[in-house]
Protein chains: 2
Amino acid sequence: MEDVRHRLGSNLRKLRQAKGLSQEAFADEAGLHRTYISDLERYARNPTITVVDRIATALGVSIGDLLDDTPSSPPQNPGE
Amino acid sequence: MEDVRHRLGSNLRKLRQAKGLSQEAFADEAGLHRTYISDLERYARNPTITVVDRIATALGVSIGDLLDDTPSSPPQNPGE
DNA sequence: GTGTGACTCAAAGTCCGTG
DNA sequence: CCACGGACTTTGAGTCACA
């Protein structure tokens, strides 16, 4: 997974669901649009850092975490 | 310093100079343009994640480091 | 609750110069 | 070697209707 967009989309979806939010609810929190979040999670967009920053803030994580391949919260549990 | 663009520009300039590269030389390394690097270091642009990723890679640091307010290498040395 | 194509408008990104 | 401006093409931002 070399693609930053892919890592962003995956982590966004995971972290959003971990907060128990729908795309709509999260879009509202982040001050973005429902469909835009949808696009991001489906890797269909190439956002600017300011958008990434807004998302990271809304999720309560750092940009580094949001773009990382090894998310901070869940411990490695391969096979589960 | 809440501005991601500001953190990016500052860190980019520091890290680039630490590598002893001119803007032109670094632009070439990163596959970007001379004037664009100049703009970024002057906080005049809002780049996409893909170019931030390219810059981080060219600098040999993580995106988190590139956007961080606390650079990894030098310890705090106020007054020096 | 989510995916998708289409649309407008501004900004990303490239390239030309100049001091 | 760098700041800065102008001009240009491509793409992102932001939104909608419809599946």
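Each chain gets a letter, A, B and so on, in the order the sequences are listed, and its residues count up from 1. Side-chain atoms are counted along with the backbone in the values below, which use heavy atoms only and exclude waters and symmetry mates.
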Any Arg42(A) side-chain nitrogen or oxygen under 4.0 Å from OP1 or OP2 of dT2(C): no
Between C1' of dT14(C) and CG of Asp28(B), the distance in whole Å: 15 Å
Any Ser38(B) side-chain N or O less than 4.0 Å from OP1/OP2 of dA3(D): yes
Arg5(B) to Tyr43(B) - nearest heavy-atom pair and separation: O-CD2, 3.7 Å
Inter-residue atom distance Leu67(A).CG - Ser10(A).OG, 0.5 Å rounding: 11.5 Å
Closest non-hydrogen atom pair, Val4(A) against Ile49(B): CG2-O, 4.2 Å
Between dT4(C) (P) and Ile37(A) (CD1): distance, integer Å: 16 Å
Contact letters for nucleotides 9-19 of chain D, in which S counts primed atoms plus P, OP1 and OP2 and B counts the base, heavy atoms under 4.0 Å: ---SBBBBB--
side-chain hydrogen bond (donor to acceptor under 3.5 Å, both in side chains) contacts touching residues 24-33 of chain A (sequence neighbours left out): none
Given Asp69(B), Leu12(B), Leu66(B), Asp68(B), the one that forms side-chain contact (heavy atoms from CB on, under 4.5 Å) with Arg7(B): Asp69(B)
Those residues that, when tested against Arg34(A), pass salt bridge (charged side-chain N to carboxylate O under 4.0 Å, His left out) (two or more places apart): none
Sugar-phosphate only, base, or nothing, as touched by Gln23(B) at under 4.0 Å among non-hydrogen atoms: sugar-phosphate
